[in-house]
Amino acid sequence: MAGTSYDTIVVGSGPGGCVVARRLADAGQNVALVEAGPRSDLPQNLRGLSAVGGHASGALTWPDLVAYYGRALPIAAPRYQQGRALGGSSAINSMVLSPGDIDDYVEWQDRAGCVDWGPDAMRPWLDQAASVLPIQRAIPGPVTEAVMSRVSENQYQPDRDSLRRSSSLDLDAVGLVDASLAASDGTRCTVFEGLVINRPDTAKGSISVYADTVVSRVKVRGTIATGVETNQGLVLRAKTVVLAAGAIGTPKLLARSVPEPHHVGKTIFDHPSFAFSVCGPDATASTSVGGLDSSPSAISQIYRFASDGDDSRPGDIQVLVIEDVVPVEALSVVLVTLLSPNSKGRMDLSLGSDLKIERGCLTSASDRTRFRSGVRRVAAALVAGDQSDSIRRVMIDDKGTSATSIDGMSDDELDRWLLAHPGPVAHLAGACRMGPSLDGGAVVSSEPEVAGQVFGLSGLYIADSSVLPGLTSGGLQIPVMAVSERIVAGILMS
Ligand SMILES: Cc1cc2nc3c(=O)[nH]c(=O)nc-3n(C[C@H](O)[C@H](O)[C@H](O)COP(=O)(O)OP(=O)(O)OC[C@H]3O[C@@H](n4cnc5c(N)ncnc54)[C@H](O)[C@@H]3O)c2cc1C
């Protein structure tokens with residue numbers, strides 16, 4: 001079969017894929033953007049500002065995706081969330097945009113050997129990534145106000161008209177921070193909407209969108225990528241193929257497509273998290289105050305403080321609140337996350353066996369120390385003093401175990417509890433890590449002119465979360481977009 005030809009095929013329409021498709025088309029290329037997810041509009045529960053619409057929805061996520069929290073045994077693997085939609089996980093995520101901390105990029109540069117990817121080099125790309133989506137803030141609800149006031153030791157001033165805090169779009173946004181959401185007028189904006197749908201009709205080049213289309217492998221002749229083949233046997237050809245199928249999809253595809261997928265999946269990273277359940281006041285109605293939209297389950301405030309422990313960093317513990325997750329029970333969630341973990345996981349991509357993902361969370365002793373200290377501090381703040389209307393009960397599992405029991409747990413007991421009760425954060429990255437050379441364990445190049453190019457193959461690039469050389473302090477959407485902006489700039493120069 002001859003196959004349809006394009007200048008470039010981009011596999012996956014998440015934050016990485018949409019950035020690449022848009023920039024190449026704007027430069028005059030004819031681009032095929034191939035996405036496994038459906039063409040349908042987002043359902044209502046994903047349209048608003050709610051941070052849990054996607055977590056609850058299976059329709060636009062990969063089914064039966066299992067990822068062990070730490071290592072494979074003895075902890076059972078809950079279902080792992082990854083978007084399968086036009087917009088990738090930006091269609092189902094919590095919409096909080098954050099570029100990370102300066103130290104994150106210092107580590108990319110110094111520890112991961114990506115010499116041109118330090119904070120000064122990354123800043124313009126992060127700014128560019130942050131400029132392509134609308135930004136909106138949400139009004140804190142009563143549980144958020146009460147929790148933020150307690151965990152920040154009363155630094156929180158619930159004065160909605162004079163929010164003087166920094167925004168989550170600032171680098172190093174520690175302390176109390178207003179969450180910046182990828183939305184406008186109370187409506188989510190996915191990267192597909194922001195970059196592909198909103199592309200002017202008069203623009204040069206074209207983006208042909210193939211939705212509901214799963215790429216089964218990259219076609220490679222010798223050491224040259226020539227196109228892709230889909231599950232339905234459709235063959236698309238192009239001079240350049242860019243994999244942007246996400247943290248799991250891209251390493252899976254690469255492992256199926258090349259005879260020796262060196263280093264793929266050998267190291268992965270993810271943020272460990274833990275969720276307290278807070279029984280608060282009865283559900284609040286949506287309101288609008290001072291130009292800010294209020295949606296009960298929108299994330300409005302973030303508090304970041306330093307953990308205790310040798311590897312502690314400013315703001316390495318993040319606390320945020322998602323209100324009214326279960327409105328009939330007036331249940332809200334207080335989510336605690338360790339932002340700069342040292343633990344590493346791995347992915348077994350051996351052909352013929354089931355994909356096994358071990359996120360490796362809390363496998364490093366120093367991560368356990370830091371995370372435990374953060375969880376203890378939040379638990380103590382939540383249960384301290386009088387129980388108010390806004391915080392009537394705080395629980396640490398779905399059986400109603402009180403958060404007061406954390407105080408009586410030894411460190412080992414608490415570690416076991418935290419490992420057995422993973423929170424919902426899903427920030428997997430790094431399976432096709434960027435770096436200076438294949439010898440150093442990297443899968444794609446970090447040389448700016450050929451950034452993202454798979455070592456040993458020409459015409460094949462990766463631009464998504466799988467190339468990140470480390471996690472960043474917050475969500476990954478903006479860092480993935482920034483890295484992809486840089487990779488596509490290199491492709492356009494080559
Ligand atoms: C529940 C949840 C909440 C999150 N909240 C936030 C947040 O608030 N803020 C933040 O910054 N980050 C958040 N993240 C993380 C962030 O959304 C991801 O890190 C980011 O979307 C990764 O972008 P990506 O381009 O690597 O891949 P993805 O977003 O995963 O997109 C990859 C796309 O490729 C498609 N694909 C995969 N395989 C194939 C194939 N074989 N053929 C065709 N298409 C394929 C997938 O269907 C998917 O649409 C969250 C993630 C999740 C899961």
Side-chain angles (χ1 to χ4, degrees), residues 9-21 32-38 46 49 51-57 60-62 65 67 79-100 129-130 133 168-169 179-183 188 190-192 210-218 228-231 242-254 256-257 269-271 273 298-299 302 318 320 322 335 337 423-432 462-468 471-481 483-484:
I9 298 164
V10 180
V11 182
S13 67
C18 284
V19 163
V20 172
L33 180 59
V34 190
E35 170 55 54
L46 291 172
L49 299 186
V52 284
H55 297 222
S57 150
L60 297 178
T61 56
W62 285 86
L65 201 51
R79 189 168 164 265
Y80 194 70
Q81 297 257 332
Q82 291 284 280
R84 187 182 202 263
L86 290 170
S89 288
S90 78
I92 61 139
N93 71 13
S94 303
M95 290 166 274
V96 179
L97 299 179
S98 50
L133 294 170
S168 68
L169 275 172
S180 301
L181 307 180
R188 173 192 295 268
T190 69
V191 287
F192 185 74
Y210 290 77
D212 273 317
T213 307
V214 179
V215 170
S216 53
R217 68 185 179 103
V218 180
V228 301
E229 186 171 342
T230 72
N231 273 359
V242 181
L243 298 183
I248 298 171
T250 287
K252 243 173 91 175
L253 261 179
L254 196 58
R256 274 191 216 150
S257 308
F269 322 98
D270 210 339
H271 284 135
S273 64
I299 295 170
I302 298 168
Q318 171 182 276
L320 52 82
I322 309 176
L335 193 58
T337 307
V425 170
H427 290 166
L428 201 67
C432 303
I462 302 180
D464 62 16
S465 47
S466 68
V467 302
L468 298 191
L471 290 173
T472 52
S473 299
L476 303 185
Q477 182 167 327
I478 290 289
V480 168
M481 292 172 74
V483 164
S484 303

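Each ligand, and each atom within it, is numbered from 1 in the order the structure gives. Numbering starts at 1 and runs along the sequence shown.
Every N/O-N/O distance between I92 and ligand 1 stays at or above 3.5 Å. Considering both main-chain and side-chain atoms, D464 never comes within under 3.5 Å of ligand 1 through any nitrogen or oxygen pair. Between L476 and ligand 1, at least one pair of N/O atoms sits closer than 3.5 Å. Where the criterion is an N or O separation shorter than 3.5 Å, residue side chain and backbone included, S98 fails it with respect to ligand 1. The shortest N or O to N or O distance between S94 and ligand 1 is under 3.5 Å. The shortest N or O to N or O distance between G16 and ligand 1 is under 3.5 Å. Between A247 and ligand 1, not a single N/O pair is under 3.5 Å apart. In terms of N/O distances under 3.5 Å, ligand 1 is approached by M95. Geometrically, ligand 1 and V96 share a nitrogen or oxygen pair separated by less than 3.5 Å. Any N or O atom pair closer than 3.5 Å counts here, and E35 shares at least one such pair with ligand 1.
S465 approaches G246 most closely through the heavy-atom pair OG-C, 4.0 Å. Taking every heavy atom of both residues into account, R79 and W62 meet most closely at NH2-O, 3.1 Å. In terms of heavy-atom proximity, L60 sits nearest to I92 at O-CG2, 3.9 Å. Of all heavy-atom pairs between G87 and P15, the closest is O-CD, 3.9 Å. Contact between N231 and S216 at its shortest, heavy atoms only, is OD1-CB, 3.2 Å. What you find for A298 and L181 is that their closest heavy atoms are CB-CD1, 4.4 Å.
A donor-acceptor pair under 3.5 Å is absent between the side-chain atoms of T337 and the main chain of S273, judged by distance alone. In this structure, S13 contributes its side chain and C18 its backbone to no donor-acceptor pair below 3.5 Å.
Short contacts between ligand 1 and Q477, defined as distances under 4.0 Å to a heavy atom of the residue, involve ligand atoms 10 (C), 11 (O), 12 (N). The distance from ligand 1 to the heavy atoms of G83 drops below 4.0 Å at these ligand atoms: 46 (C), 47 (O), 48 (C), 49 (O). For ligand 1, the atoms closer than 4.0 angstrom to any heavy atom of V214 are 41 (N), 42 (N). Residue T213 approaches ligand 1 through these ligand atoms, each under 4.0 Å from one of its heavy atoms: 42 (N), 43 (C). Atoms of ligand 1 found under 4.0 Å from any heavy atom of G475, numbered from 1 in the order shown, are 9 (N), 10 (C), 11 (O), 12 (N). Taking every heavy atom of V34 and a limit of under 4.0 angstrom, the matching atoms of ligand 1 come to 43 (C), 44 (N). Heavy-atom contacts of S465 reach the following atoms of ligand 1: 22 (C), 24 (P), 26 (O) (cutoff under 4.0 Å).
Scanning N93, V467, L181 for the heavy atom closest to atom 6 (C) of ligand 1 points to N93. Nearest to atom 34 (O) of ligand 1 by heavy atom, out of S216, P424, G12, is G12. The heavy atom nearest to atom 30 (O) of ligand 1, considering only G88, G14, S89, is found in S89. Closest to atom 32 (C) of ligand 1 by heavy atom, among S168, A245, P99, is A245. Residue H427 holds the heavy atom nearest to atom 15 (C) of ligand 1 of all those in H427, K252, R217.
In this structure the side chain of Y80 reaches within 4.5 angstrom of the side chain of D270, judged on heavy atoms. For the pair T190 and L86, the minimum side-chain heavy-atom distance is 4.5 Å or more. Between I462 and L254, the closest side-chain pair of non-hydrogen atoms falls below 4.5 Å. Two residues are said to be in side-chain contact when any heavy atoms from C-beta on lie closer than 4.5 Å; V19 and V191 fail this criterion. Looking at Q477 and L133, their side chains come closer than 4.5 Å, going by heavy atoms from C-beta outward. Looking only at side-chain heavy atoms (C-beta outward), Q81 and P424 stay at 4.5 Å or farther from each other.
Within the structure, ligand 1 lacks L97 among the residues with a heavy atom less than 4.0 angstrom away. Using a 4.0 angstrom heavy-atom cutoff, T230 does not count as in contact with ligand 1.
A side chain to side chain contact (heavy atoms under 4.5 Å, CB included) with I299 holds for exactly one of L49, L335, I322; it is I322.
At a heavy-atom distance under 4.0 Å, no atom of A51 approaches ligand 1. Contacts of S466 with ligand 1, taken as heavy-atom pairs under 4.0 Å, are absent altogether.
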